[in-house]
Student: 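Let me begin by handing over the structure; questions about it come next.
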Amino acid sequence: MFKNLNLLKQDTVQKSWTIDSFNFNYNGYKYIVLVKLFSRGTDDSIQEMPKYASVKLEFLRYDDFSNSLSVFANSYKIDWNVKQFREFFGIQYGPNLGDIVQQFNNHFAKFIPTFVIQGKSTFEKLAMVYGLDGGNSKDPLRCYCYAVKRNPKGEKRSIYNDNKTKILREPLYNRLKSDDSLSFVYSMNESDEKNDSEIILNWTTNNKRKTT
């Protein structure tokens with residue numbers, strides 16, 4: 001039923017992403033669906049998903065990212081908690097609830113893309129950043145990159161910082177990604193944001209000062 005999930009996962013892995021998103025409409029409401037290839041722990045580690053699961057899906061209400069529902073899924077089924085499913089999507093309890101779940105699944109399957117869609121809106125990108133840490137911190141509000149910094153010796157860029165920058169500043173990320181000892185620095189203030197050339201020039205200048 002959800003065969004597109006496997007195709008999307010394959011393309012996501014091939015493009016070295018750990019998260020993707022697509023839009024979904026149901027019952028007059030708009031959602032952003034996050035497709036995660038991992039479940040993140042509070043210590044920034046990657047945790048194993050259940051053996052049966054192929055991906056983790058997170059449904060975010062378009063008007064309120066904190067209103068969300070997370071479930072594991074594979075190409076055959078979505079592991080719904082029926083009570084949570086009904087409450088989140090505003091479905092009345094009734095004897096035909098099983099039929100409604102099936103109808104929902106059929107409807108949802110039509111929205112799942114087979115590949116990572118490029119050119120995502122700013123809103124989708126912010127949703128993806130929000131989903132990277134499960135909305136557990138204020139860091140997603142820091143979305144304006146203004147610098148790069150060298151991590152302490154032996155420390156690599158975090159998975160969160162890596163993926164966040166790949167989402168928000170992909171051209172900059174592609175220019176600096178090979179050096180995983182660098183982290184990208186963000187601000188909550190739009191006025192602090194700098195373009196790629198400014199960030200790289202400032203980094204190069206500061207780095208030269210430290211080595212001379």
Side-chain angles (χ1 to χ4, degrees), residues 5 8-9 11-13 15-47 55-73 88-90 108 111-113 115-149 157-177 182-200:
L5 274 180
L8 179 58
K9 178 182 177 180
D11 193 52
T12 304
V13 171
K15 290 182 169 67
S16 299
W17 289 87
T18 58
I19 189 171
D20 191 34
S21 71
F22 59 91
N23 292 303
F24 172 60
N25 300 323
Y26 181 73
N27 253 3
Y29 288 101
K30 296 175 65 177
Y31 302 88
I32 293 177
V33 182
L34 303 180
V35 182
K36 300 181 178 182
L37 304 191
F38 61 85
S39 177
R40 183 180 299 283
T42 55
D43 60 351
D44 202 37
S45 62
I46 294 178
Q47 300 176 334
V55 297
K56 185 178 184 180
L57 301 176
E58 187 169 355
F59 295 80
L60 305 179
R61 275 282 294 267
Y62 218 81
D63 56 353
D64 180 8
F65 290 168
S66 66
N67 189 0
S68 64
L69 176 66
S70 297
V71 289
F72 290 108
F88 181 73
F89 290 107
F108 176 65
F111 286 80
I112 303 171
F115 56 89
V116 174
I117 298 173
Q118 301 298 319
K120 296 185 188 300
S121 68
T122 300
F123 203 65
E124 274 188 89
K125 290 178 180 179
L126 291 176
M128 291 171 69
V129 171
Y130 182 89
L132 282 173
D133 77 338
N136 291 323
S137 75
K138 294 182 179 180
D139 190 71
L141 297 176
R142 301 179 187 274
C143 57
Y144 303 106
C145 187
Y146 65 91
V148 292
K149 67 177 183 179
R157 179 169 59 245
S158 72
I159 296 171
Y160 175 78
N161 187 260
D162 184 271
N163 280 264
K164 176 177 180 175
T165 305
K166 190 173 182 180
I167 292 167
L168 296 178
R169 297 292 295 267
E170 189 170 10
L172 175 65
Y173 173 85
N174 287 336
R175 294 176 69 175
L176 300 175
K177 65 181 179 181
L182 293 179
S183 288
F184 301 87
V185 187
Y186 289 84
S187 170
M188 287 188 286
N189 300 316
E190 187 175 3
S191 59
D192 293 335
E193 187 172 38
K194 298 188 182 304
N195 62 41
D196 295 359
S197 298
E198 289 177 301
I199 290 173
I200 292 173

Student: So, do K164 and R142 sit near enough that their side-chain heavy atoms are less than 4.5 Å apart?
Tutor: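 Side chain of K164 against side chain of R142, heavy atoms only: contact under 4.5 Å found.
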Student: Could you report the tightest heavy-atom contact between A127 and I32, atom names first, then the distance?
Tutor: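 It is CB-CD1, 3.7 Å.
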Student: Is a donor from one side chain sitting under 3.5 angstrom from an acceptor on the other, for Y173 and D162?
Tutor: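 Yes, a side-chain donor-acceptor pair sits under 3.5 Å.
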Student: Considering only heavy atoms from C-beta outward, does the side chain of V55 approach that of L37 to under 4.5 Å?
Tutor: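 SC-SC contact between V55 and L37 confirmed.
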Student: Around K149, counting heavy atoms of other residues, nucleotides and ligands shown, do more than 12 lie under 6.0 Å from its NZ?
Tutor: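 Not buried by this count: 12 neighbours or fewer within 6.0 Å.
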Student: Hey, are the side chains of L168 and F184 touching, using non-hydrogen atoms and a 4.5 Å cut-off?
Tutor: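 Heavy-atom side-chain distance check fails, nothing below 4.5 Å.
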Student: F89 and Y31: aromatic ring centres closer than 6.0 Å?
Tutor: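 When the ring centroids of F89 and Y31 are compared, they turn out to be within the sub-6.0 Å range.
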Student: May I have the step-by-step check of side-chain contact (heavy atoms from CB on, under 4.5 Å) for N23 and K30, ending in yes or no?
Tutor: CA-CA 7 Å; N23 292 303; K30 296 175 65 177; 5.9 Å; no
Student: Quick one: do Y160 and V129 satisfy side-chain contact (heavy atoms from CB on, under 4.5 Å)? Show the steps, please.
Tutor: CA-CA 9 Å; Y160 175 78; V129 171; 3.8 Å; yes
Student: Restricting to non-hydrogen atoms, name the atom on G90 and the atom on N27 that form the minimum distance, rounded to 0.1 Å.
Tutor: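 Heavy atoms only, the tightest pair is O-ND2, 4.4 Å.
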Student: When you check the side-chain N and O atoms of D20 and T12, is any donor under 3.5 Å from an acceptor?
Tutor: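 No pair is found: no donor N or O on one side chain lies under 3.5 Å from an acceptor on the other.
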Student: Before giving the answer on side-chain contact (heavy atoms from CB on, under 4.5 Å), spell out for Y146 and E193 the whole-Å C-alpha distance, their side-chain angles and the decisive distance to 0.1 Å.
Tutor: CA-CA 5 Å; Y146 65 91; E193 187 172 38; 5.7 Å; no
Student: We want to know whether Y144 and S191 form a side-chain donor-acceptor pair, criterion being a heavy-atom distance below 3.5 angstrom.
Tutor: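 Looking only at side-chain atoms, S191 and Y144 do not form any donor-acceptor pair under 3.5 Å.
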Student: Would you confirm whether K166, through its side chain, and S16, through its main-chain N or O, come within 3.5 Å as a donor-acceptor pair?
Tutor: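 Yes, because the side chain of K166 sits within donor-acceptor range (under 3.5 Å) of the backbone of S16.
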Student: Testing the basics here: between D192 and S187, what is the closest heavy-atom pair and its distance to 0.1 Å?
Tutor: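 For D192 and S187, the tightest heavy-atom pair comes out as OD2-OG, 2.6 Å.
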Student: Determine whether a donor-acceptor pair (N or O, by modelled atom type, separation under 3.5 Å) exists between the side chain of R157 and the backbone of L182.
Tutor: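 Such a contact is found between R157 side chain and L182 backbone.
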Student: Report the distance from atom CD1 of I159 to atom CG of L132, rounding to the nearest 0.5 Å.
Tutor: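 Taking CD1 in I159 and CG in L132, the distance rounds to 10.5 Å.
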Student: Looking only at atom types and distance, does a side-chain atom of K120 sit under 3.5 Å from a main-chain N or O of M128, one as donor and one as acceptor?
Tutor: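 Not confirmed, K120 side chain does not pair with M128 backbone.
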Student: Could you tell me whether the side chain of R169 reaches within less than 4.5 Å of the side chain of D196, counting heavy atoms only?
Tutor: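 Yes. Closest side-chain heavy atoms under 4.5 Å.
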Student: Of all the heavy-atom pairs spanning S70 and K56, show the shortest one and how long it is.
Tutor: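 Where S70 meets K56 most closely, the heavy atoms are CB-CE, 3.8 Å.
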Student: Where is the tightest heavy-atom contact between N161 and S183, given as atom of each residue plus distance?
Tutor: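 Closest pair (atom of N161, atom of S183, distance): OD1-CA, 3.6 Å.
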Student: Can you tell if the side chain of F88 reaches within under 4.5 Å of the side chain of N67, non-hydrogen atoms only?
Tutor: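 Counting from C-beta outward, F88 and N67 do come under 4.5 Å.
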Student: Could you go through the side-chain contact (heavy atoms from CB on, under 4.5 Å) check for E124 and I117 one step at a time?
Tutor: CA-CA 11 Å; E124 274 188 89; I117 298 173; over 6 Å; no
Student: Using the ring pair (Phe, Tyr, Trp, His ring centres under 6.0 Å) definition, which of the options F22, F111, F108, Y26 pairs with F59?
Tutor: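 Going through F22, F111, F108, Y26 one by one, the ring pair (Phe, Tyr, Trp, His ring centres under 6.0 Å) with F59 is satisfied by F108 alone.
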Student: Report yes or no: does N195 contribute a side-chain atom to a donor-acceptor pair with the main-chain N or O of S197 at less than 3.5 Å?
Tutor: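 Indeed, once roles are kept as given, a pair shorter than 3.5 Å links the two residues.
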Student: Search all heavy atoms of L34 against all heavy atoms of S21 and return the closest pair with its distance.
Tutor: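 Nearest pair, atom of L34 first, then S21: CD2-CB, 3.8 Å.
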Student: Under the ring-ring contact (aromatic ring centres under 6.0 Å, His included) rule, collect the residues that match up with F65, sequence neighbours excluded.
Tutor: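 Result, ring-ring contact (aromatic ring centres under 6.0 Å, His included) vs F65: F123, Y130.
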Student: If you define the side chain from C-beta out and look only at heavy atoms, does anything of W17 sit under 4.5 Å from I167?
Tutor: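 In short, these two side chains touch, coming nearer than 4.5 Å.
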